[in-house]
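Below is one structure, written out as structure tokens; comments come after it.
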Amino acid sequence: MALIESLEAALGQLTLIVGLDEAVIAGPPRAGEAIDIPPDPDAIRDHVRFDEQGGYRPLSGLRNLPGGWQARFTSLETFSAAIDAVYPLAQRHAAQFEAGTLQVTSLDEVFARQTGRYRVAADLSARGREAARGLLCGACVRTPVWAVGGGVPPGGIPCPEPCSILLALCREAALWQSDPPCPSPADPDVPFANFEEPGNQLREAYLRATGVAREQ
Ligand code: SF4
């Protein structure tokens, strides 16, 4: 019988390799030789906090992990903790999804528990909710099983509940319904989750997709 020397799997944008003597986490490929990061979950968390252009990543699942790095582990416990540092709760949610025990919360349920400034998010139309989900979740490696049900693609990570960034986008979009802003050119220098700021890429994409922007 042939001996399997290593197992390789994708998780989001990571490649995970478990061999007989060591386990490896590798970031997305990039030209040139990969740099080695110490096998320390904190060091890895710090490394993936920013994208390749130095922009802060406010959402762990965003498809803009820096590339060209790897970390080698001799402890499977530390290996697992390092995966959690990149994609918090992904392993647990994947296992629960597989076992059919993942607790899923809908967008309506998340809206219903809001108070204060996020309460208005519930006023967002069905079309607006769909556009916000499509744009934001489309930029994320997690699969929003709270919205789409069904399966998760290989290497995918089930997302059981709308995240705070989606809630923030829905809040702004609900306000735009009654007070449509003017469209602006998309500006990659505007931080990813600053939806109130003209030029924010998701804001401008949403205004274009839904046609709610005010005529100039
Ligand atoms: S709600 Fe969408 S964007 Fe937010 S974590 Fe889940 S899949 Fe990603």
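Remember, it's 1-based here, ligands and their atoms both numbered in the order they're listed.
- When each atom of ligand 1 is checked for a heavy atom of Leu59 under 4.0 Å away, the hits are 3 (S).
- Without hydrogens or angle criteria, Asn200 side chain to Phe192 main chain gives a donor-acceptor distance under 3.5 Å.
- The aromatic rings of Trp176 and Tyr206 are tilted relative to each other, their planes meeting at an angle between 30° and 60°.
- Scanning for ring-ring contact (aromatic ring centres under 6.0 Å, His included) contacts around Trp146 gives an empty result, with sequence neighbours left out.
- Around atom 2 (Fe) of ligand 1, protein atoms of type N, O or S found under 2.8 Å number 1.
- Applying the ring-ring contact (aromatic ring centres under 6.0 Å, His included) criterion to Phe195, with sequence neighbours excluded, gives no partner residue.
- Between Glu130 and Arg127, none of the side-chain N atoms (NZ, or NE/NH1/NH2) sits under 4.0 Å from a carboxylate O, so this pair counts as no salt bridge.
- Each of the atoms 1 (S) of ligand 1 lies under 4.0 Å from some heavy atom of Trp146.
- Sorted by first and then second residue, the pairs that involve residues 196-213 and meet salt bridge (charged side-chain N to carboxylate O under 4.0 Å, His left out), not counting sequence neighbours, are Arg117-Glu196.
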Worked verdict on Gln70 versus Asp36 for side-chain hydrogen bond (donor to acceptor under 3.5 Å, both in side chains): CA-CA 5 Å; Gln70 61 186 12; Asp36 281 306; 3.1 Å; yes
